[in-house]
There are 2 protein chains.
Amino acid sequence: MGNKEQDACRAWQLLIKFYFVHRRELPAAETDCDLSPAQCHVLHLIEPGQPIPMGRLAELLSCDASNVTGLIDRLESRGLVQRRPLEHDRRVKALDLTPAGLHVRAQLLRHMTRRPLPLSRLSPEDQRTLVRILQRLVE
Amino acid sequence: MGNKEQDACRAWQLLIKFYFVHRRELPAAETDCDLSPAQCHVLHLIEPGQPIPMGRLAELLSCDASNVTGLIDRLESRGLVQRRPLEHDRRVKALDLTPAGLHVRAQLLRHMTRRPLPLSRLSPEDQRTLVRILQRLVE
DNA sequence: TATTGTTATACTCTATAACTATA
DNA sequence: TATAGTTATAGAGTATAACAATA
């Protein structure tokens with residue numbers, strides 16, 4: 001029967017609810033770092049030492065490329081991000097974190113993972129189980 | 001020891017990652033319904049038959065009250081939401097869904113729960129376990 | 001006087017369309 | 001001609017501060 005479907009659907013609904021409930025907690029971490037949600041997302045996506053083309057970033061953000069221009073303009077003017085044209089194709093501009101950007105990104109990740117409060121309601125076994133299941137979901 | 005802390009922290013990080021990965025999938029459901037993310041959030045929060053004061057909505061959205069004014073202006077001009085002053089305290093304006101709003105909200109929830117795809121990777125047992133654990137998290 | 005919501009203002013985020021530079 | 005990114009424009013989302021109406 002469709003029990004498996006039902007469980008998957010129910011889990012999906014719960015994850016969405018969790019998403020909504022906590023989408024209002026994450027911004028606290030973001031404003032702690034003086035970043036807008038979009039800027040936070042960008043910093044999260046630019047992995048240290050792995051320059052990423054602007055177009056690829058637009059894909060990951062699911063937004064228009066024109067958007068990325070302004071987003072990066074602001075981060076660059078704050079000294080957190082650098083544009084550099086690729087040697088073999090000068091149309092492409094690769095983004096990388098500056099030292100200051102690295103620092104803010106690390107701070108952001110610390111702040112975002114600072115409050116696992118609702119999770120402490122779970123038993124140790126459930127916490128381990130949740131970790132195992134989620135790892136499979138996001139891999 | 002700190003194992004419990006570690007598991008809670010790890011689970012939190014994974015949920016955040018899940019949040020980021022899927023924050024770009026949910027907007028598809030939102031634009032299907034021709035709603036912005038914020039409008040989607042509002043419709044999600046106004047439960048059918050349970051009028052909610054504007055200030056309470058600002059709390060739930062974790063945003064300034066002045067924001068809610070514009071947000072509701074736009075939804076009201078589209079005929080999805082109604083403002084009504086409470087009889088016993090006419091400062092307070094309670095929000096309720098119109099019939100059209102009810103319809104769009106139901107459509108939105110359907111679209112949002114339409115794709116439990118990554119969840120189908122999990123075994124039936126894991127799906128049930130995930131449901132049980134998440135229920136405790138969002139209750 | 002205190003509270004609820006609105007208005008005015010300014011900035012960020014977002015998409016569309018037209019454009020520039022490079023390939 | 002096609003692609004990567006930018007610019008111009010317009011509308012939505014957001015916060016702060018000053019305001020109006022009600023309590």
How does protein reach along nucleotides 18-23 of chain C, written 5' to 3' as B (base within reach of a heavy atom under 4.0 Å), S (only sugar-phosphate), or - (no contact)?
----BS
If you define the side chain from C-beta out and look only at heavy atoms, does anything of [X] sit under 4.5 Å from [Y]?
X: A:Cys63; Y: A:Val68; value: yes
X: B:Arg78; Y: B:Asp34; value: yes
X: A:Asp96; Y: A:Val81; value: no
X: A:Leu43; Y: A:Leu75; value: yes

Please report, rounded to the nearest Å, how far the [atom2] atom of [N] is from the [atom1] atom of [X].
X: B:Glu59; N: D:dA15; atom1: CD; atom2: P; result: 14 Å
X: B:Leu43; N: D:dA12; atom1: CG; atom2: P; result: 16 Å
X: A:Leu60; N: C:dT14; atom1: CG; atom2: P; result: 14 Å
X: B:Leu95; N: C:dT4; atom1: CG; atom2: P; result: 14 Å
X: B:His41; N: D:dT14; atom1: NE2; atom2: P; result: 10 Å
X: A:Ile72; N: D:dG5; atom1: CD1; atom2: C1'; result: 12 Å
X: B:Asp64; N: D:dA18; atom1: CG; atom2: P; result: 14 Å

A:Lys93 side chain near D:dT6 phosphate (N/O to OP1/OP2, under 4.0 Å):
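Yes, because at least one side-chain N or O of A:Lys93 sits under 4.0 Å from OP1 or OP2 of D:dT6.
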Checking all strands, does A:Arg83 fall into the base, sugar-phosphate, or nothing category for heavy-atom contacts under 4.0 angstrom?
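Sugar-phosphate: the residue A:Arg83, judged by heavy atoms under 4.0 Å, touches backbone atoms but no base.
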Indicate if A:Val92 and A:Leu60 have the same hydrophobic cluster label, given that clusters are the connected sets of ILVMFWY residues with side-chain heavy-atom separations under 4.5 angstrom.
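Per the 4.5 Å side-chain linkage, A:Val92 and A:Leu60 are not co-clustered.
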Taking the nucleotide of DNA chain C with the nearest heavy atom to each, does A:Ala65 or B:Arg56 sit closer to the 5' end?
B:Arg56
Count the heavy atoms of every other residue, nucleotide or ligand shown that sit under 6.0 Å from CD of B:Glu125, and state whether that count exceeds 12.
yes
What N/O pairs connect the protein and nucleotides 11-13 of chain C at under 3.5 Å? Give each pair on its own line.
residue, atom, partner, partner atom, Å
C:dC13, OP1, A:Ser36, OG, 2.0
C:dC13, OP2, A:Arg74, NE, 2.5
C:dC13, OP2, A:Arg74, NH2, 2.7

Hey, does the side-chain of A:Ser66 have a donor or acceptor N/O within less than 3.5 Å of a partner on the base of C:dT14?
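For A:Ser66, whose side chain was compared with the base of C:dT14, there is no donor-acceptor pair (under 3.5 Å).
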If you look at every heavy atom in B:Leu97 and B:Ile46, which pair is closest and at what distance?
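Heavy atoms of B:Leu97 and B:Ile46 come nearest at CD1-O, 3.4 Å.
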Residues B:Asp73 and B:Arg83 bridged, charged N to O under 4.0 Å:
yes
Sub-3.5 Å donor-acceptor pair from the side chain of B:Arg105 to the main-chain atoms of B:Glu47, do we have one?
no
